[in-house]
Amino acid sequence: MKKVLVSGAGGFVGARIMAQLAGRYELCAFPKGMLAAADETAVAELVWHEQPDVILHTAAISDTGYSQKHPEESYRANVQLPLWVARAAQTVGAKLVCFSSDQVYTGLTDIGPFAEDTPLSPANVYGRHKLEAEQRVLDARPDAVLLRATWMYDLPGYGLPIRGNFLLNLYSAALHGGTLRFSCRDYRGITYVREAVEQLTQAMELPGGVYNFGSENDCNMYTTALRVCETLGIHPEIEKQEWPRSLLMDGSKFRNAAGVGFADTQAGIKHCLREYGLE
Ligand SMILES: NC(=O)c1ccc[n+]([C@@H]2O[C@H](COP(=O)([O-])OP(=O)(O)OC[C@H]3O[C@@H](n4cnc5c(N)ncnc54)[C@H](OP(=O)(O)O)[C@@H]3O)[C@@H](O)[C@H]2O)c1
């Protein structure tokens, strides 16, 4: 059984990795809270001690607004830390799978969907740091797999950390009131996090490189929200906006290399609702 070391195991994605992949891999994790303060030596020592076959690196400052306001903290967490993990992976010969983000596509004016080799100039700090991390990690560890993840969602599950996400925000607004705003010129895929975690088993086997990683979407976020509300039979107040953005990703590189792909955004939501007995 492969030994897999998980960073960010207390987070939204990491906690689900620990729950969902248990029994299929020998899982171990960086201690909770360690990576917010650790230096490169501490990272290297932990990796050396664990001698993993694979490292799944999810630890990050994942809040784009926080990164924008605290660029130095973001640089440490989102550029330096993955580089330290990559160098440590090199010393033990571990395969590294590292989360990047669709935010690297901010600032593009086309609608896409964008392939991994699209020239980029991200419009926010988080996107810039994720892009720099991809490049530096690949320089240090050319067989590393960098996953450009979309916005991910889940519903509250017993014992698992939850954060504001597309599906939960719709439910909360329907239950508690409040207006949600979505733009009819905003294009992006959103992904059921459990589907993303499942696909990590394939990601661990991929050749090194950058991969778009998540559900595709054939419509804008305003229409996506309306369709999901119709499926759920809920009626939150949704305000239509018109600001432009596209983070749409072409998933064919991952699909072709892994031999499996993601459900599209609408099918992913139905999958999630089915798993929670809500469809
Ligand atoms: N969630 C999304 O929708 C989404 C979308 C696109 C990309 N991503 C990327 O996917 C990965 C996982 O995201 P997530 O939603 O699971 O993030 P998260 O819930 O914010 O968890 C990140 C984890 O990183 C560790 N961490 C927190 N602050 C840190 C700091 N200052 N320095 C280093 N480590 C720190 C913590 O791990 P411990 O609790 O174990 O200490 C935390 O639980 C990240 O790389 C994120 O950028 C996420």
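Here, residue 1 is the first one in the sequence, and each next residue gets the next number. Counting starts at 1 for both ligands and their atoms, in listed order.
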Check: Checking Asn212 side chain against Phe254 main chain: does a donor-acceptor pair fall under 3.5 Å?
Finding: no
Next item on the list: May I ask you to decide whether Lys3 forms a salt bridge with Asp53, counting only side-chain N to carboxylate O separations under 4.0 Å?
Entry: no
Next item on the list: In sequence, state the C-alpha distance, the side-chain angles, and the governing distance for Leu167 and Cys272, and then conclude on side-chain contact (heavy atoms from CB on, under 4.5 Å).
Entry: CA-CA 10 Å; Leu167 196 52; Cys272 172; 3.7 Å; yes
Next item on the list: Output the list of atoms in ligand 1 that are nearer than 4.0 Å to some heavy atom of Thr58, sorted by atom number.
Entry: 11 (C), 12 (C), 44 (C), 45 (O)
Check: Is ligand 1 under 4.0 Å from a heavy atom in the side chain of Pro161, in the backbone, in both, or in neither?
Finding: neither
Next item on the list: Identify which of Tyr153, Tyr126, Tyr66 has a heavy atom lying nearest to atom 8 (N) of ligand 1.
Entry: Tyr126
Check: Are Tyr276 and Asp154 linked by a side-chain donor-acceptor pair shorter than 3.5 Å?
Finding: yes
Margin query: Assess, by modelled atom type and distance only, whether the side chains of Asn256 and Ser252 contain a donor and an acceptor separated by less than 3.5 Å.
Written below: no
Check: Quick one: does Arg185's side chain have a donor or acceptor within less than 3.5 Å of a partner on Trp243's backbone?
Finding: no
Margin query: Using a 4.0 Å cut-off to any heavy atom of Arg163, which atoms of ligand 1 qualify?
Written below: 1 (N), 14 (P), 15 (O), 17 (O), 18 (P), 19 (O), 20 (O)
Next item on the list: Using modelled atom types only, decide if a donor and an acceptor are shared between the side chain of Thr58 and the backbone of Ser7 within a distance under 3.5 Å.
Entry: yes
Check: For Ala9 and ligand 1, does the shortest N/O to N/O distance drop below 3.5 Å?
Finding: yes
Margin query: If the cut-off is 4.0 Å to any non-hydrogen atom of Phe99, which atoms of ligand 1 fall inside it?
Written below: 10 (O), 11 (C), 45 (O)
Margin query: To check your reading of the model: name the closest protein heavy atom to atom 20 (O) of ligand 1, its residue, and the distance in Å.
Written below: Ser62 OG, 2.7 Å
Next item on the list: Do me a favour and list the nearest non-hydrogen protein atom to atom 19 (O) of ligand 1 with residue, atom name and distance?
Entry: Phe12 N, 2.9 Å
Next item on the list: Number the atoms of ligand 1 from 1 as they appear, then name those within less than 4.0 Å of a heavy atom of Gly33, with their elements.
Entry: 38 (P), 41 (O)
Margin query: For Val125, is there any backbone N or O sitting under 3.5 Å from a side-chain donor or acceptor partner on Ser67?
Written below: no
Next item on the list: State whether the side chain of His176 and the backbone N or O of Ser172 hold a donor-acceptor pair below 3.5 Å, judged by distance alone.
Entry: no
Note to self: I'd like to know if the side chain of Gln20 and the backbone of Ile17 have a donor-acceptor N/O pair within less than 3.5 Å.
What the structure shows: no
Check: Quick one: does Ala15 get within less than 4.0 Å of ligand 1, heavy atoms only?
Finding: no
Check: Any N or O of Ile61 that comes nearer than 3.5 Å to an N or O of ligand 1?
Finding: no
Check: Going by atom types alone, do His49 and Glu45 pair a side-chain donor with an acceptor below 3.5 Å?
Finding: no
Item checked: Ligand-side contact atoms (ligand 1) for residue partner Leu81, heavy atom cut-off under 4.0 Å -> 33 (C)
Item checked: ligand 1-proximal atoms of Arg76, by part, heavy-atom distance under 4.0 Å -> side chain
Notebook entry, point to check: Which residue owns the protein heavy atom closest to atom 45 (O) of ligand 1, what's the atom, and how far is it?
Noted result: Lys130 NZ, 2.8 Å
Check: Counting from 1, what ligand 1 atoms have a heavy atom of Ala59 closer than 4.0 Å?
Finding: 24 (O), 25 (C), 34 (N)
Margin query: Check this for me - ligand 1, Gly11, N or O atoms closer than 3.5 angstrom, yes or no?
Written below: yes
Notebook entry, point to check: Any chance the rings of Phe166 and Phe182 have centres within less than 6.0 Å?
Noted result: yes
Item checked: Shortest protein contact, atom 7 (C) of ligand 1 (heavy atom only) -> Ser100 O, 3.4 Å
Next item on the list: Starting from atom 13 (O) of ligand 1, locate the nearest protein heavy atom and write down its residue, its atom name and how far away it is, to 0.1 Å.
Entry: Val13 CG2, 4.0 Å
Margin query: Applying a heavy-atom cut-off of 4.0 Å, say which part of Thr150 lies close to ligand 1: side chain, backbone, both or neither.
Written below: backbone
Check: Taking the six-membered ring where the residue is Trp, are the ring centres of Phe213 and Phe262 under 6.0 Å apart?
Finding: yes
Next item on the list: Heavy-atom contacts with Met152 under 4.0 Å: which atoms of ligand 1 show up? List them by number with element.
Entry: 2 (C), 3 (O), 4 (C), 5 (C), 48 (C)
Check: Looking at Ala149, which atoms of ligand 1 are within less than 4.0 Å of one of its heavy atoms?
Finding: 6 (C), 7 (C)
Margin query: I'd like the name of whichever of Leu35, Asn78, Asp102, Val193 reaches closest to atom 33 (C) of ligand 1 through any heavy atom.
Written below: Leu35
Notebook entry, point to check: So between Ala60, Ala36, Gly10, Gly8, whose heavy atom ends up nearest atom 26 (N) of ligand 1?
Noted result: Ala60
Check: So is Glu73 in contact with ligand 1, going by heavy-atom distances below 4.0 Å?
Finding: no
Notebook entry, point to check: Is there a donor-acceptor pair under 3.5 Å between the side chain of Arg128 and the backbone N or O of Pro122?
Noted result: yes
